[in-house]
Amino acid sequence: MNNVDFFTRLYNVADAYHWDINDKKVTATFQSGPHRGETLNPITALAHKSGLGVFNNTREGTQNAASALGISRTFARNVYSATIGSNNRGNTQVLRGKIRSALEV
C-alpha cells in the first residue's frame, strides 16, 4: 500500500471511530464492543477496520499493523511521530495536516 492508498482508505474509515485532535495528537477511540475506550492511531485503526485485529497504540504496535497492511516501516514511523505530536517541523507537520484532511477534522 502506498501513501495515496493509505489516505484514501483512512478517509473511508473516518466515520467508524471517534477522532480527537488534542494540541498535536491525533487519536481514535473505540465507541463500543470489548475494546471500548481504547485509543488507536490512524494506522492501527485502519488495520482494525480491515479485519487484521487490534494493535497497541505504541510504536511497535503501529509498525506491526503497518506490516500487516503492507505499509513501509519508514512511513509508519513518520505517521506515528505525526500522530503523537513529537515535533512540529517539516515532514511531521505536513503529514499531520494530510491526516487531518483525510479525517475531515
Side-chain angles (χ1 to χ4, degrees):
M1 173 185 305
N2 62 20
N3 302 351
V4 175
D5 293 337
F6 171 75
F7 290 115
T8 302
R9 290 179 64 184
L10 186 61
Y11 173 78
N12 292 332
V13 302
D15 294 334
Y17 301 99
H18 174 54
W19 293 93
D20 290 320
I21 309 292
N22 295 332
D23 195 23
K24 294 182 279 185
K25 295 183 181 187
V26 180
T27 57
T29 307
F30 282 110
Q31 294 298 313
S32 61
H35 301 286
R36 183 177 184 185
E38 291 182 23
T39 59
L40 302 167
N41 60 43
I43 291 179
T44 55
L46 189 58
H48 175 260
K49 199 62 178 173
S50 297
L52 300 173
V54 178
F55 294 90
N56 293 330
N57 189 19
T58 60
R59 191 174 100 185
E60 183 179 343
T62 301
Q63 288 181 345
N64 291 339
S67 176
L69 287 168
I71 298 173
S72 72
R73 293 178 66 86
T74 305
F75 184 68
R77 273 184 261 138
N78 290 338
V79 169
Y80 182 74
S81 294
T83 58
I84 64 169
S86 61
N87 65 37
N88 200 29
R89 303 212 182 246
N91 185 38
T92 304
Q93 187 177 15
V94 171
L95 197 52
R96 189 179 314 113
K98 287 183 179 183
I99 290 169
R100 290 180 70 165
S101 177
L103 297 174
E104 295 182 341
V105 289

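What you see is a predicted model, and the numbers here were worked out from it, not measured in a lab. Side chains included, hydrogens not; waters and symmetry mates left out as well; all remaining heavy atoms used.
Using a 4.5 Å cut-off on side-chain heavy atoms (C-beta onward), Y11 and S101 make no contact. Using a 4.5 Å heavy-atom threshold, the side chains of L40 and T27 count as separate. Side-chain contact between I21 and K25 is absent, with no heavy atoms from C-beta onward closer than 4.5 Å. By the 4.5 Å heavy-atom criterion applied to side chains, Q31 and Y17 are not counted as neighbours. By the 4.5 Å heavy-atom criterion applied to side chains, L103 and V26 are counted as neighbours. Looking at heavy atoms from C-beta onward, I99 lies in side-chain contact with F7 at the 4.5 angstrom threshold. Here the side chains of F75 and N2 are not in contact, with every heavy-atom distance at 4.5 Å or above. Inter-residue side-chain proximity for H35 and E38 is flagged as met; some heavy-atom pair is nearer than 4.5 Å.
In this structure, the side chain of T8 engages the main chain of V4 through a donor-acceptor pair within 3.5 Å. For the pair R96 (side chain) and K24 (backbone), a donor-acceptor distance under 3.5 Å is present.
H48 and F30 have their aromatic ring centers within a separation under 6.0 angstrom.
In this model, a donor atom of one side chain and an acceptor atom of the other lie less than 3.5 Å apart for N41 and T62. Remark: the N87 side chain and the T92 side chain contain an N/O donor-acceptor pair separated by less than 3.5 Å. A donor-acceptor contact closer than 3.5 angstrom links the side chains of S50 and R9.
M1 contributes atom CE, which lies 5.0 Å from atom CD1 of I71 (distance to the nearest 0.5 angstrom). For the atom pair S86 OG and R77 CZ, the distance stands at 13.0 Å (nearest 0.5 Å).
A pairwise comparison of heavy atoms in F55 and T44 identifies CB-CG2, 3.8 Å as the closest pair. A47 approaches L69 most closely through the heavy-atom pair N-CD1, 3.9 Å. The two residues A76 and I43 have their closest heavy-atom pair at CA-CD1, 3.7 Å.
Side-chain heavy atoms closer than 4.5 Å link hydrophobic residues (I, L, V, M, F, W, Y) into clusters, and following such links, even through other members, never connects V13 to Y80.
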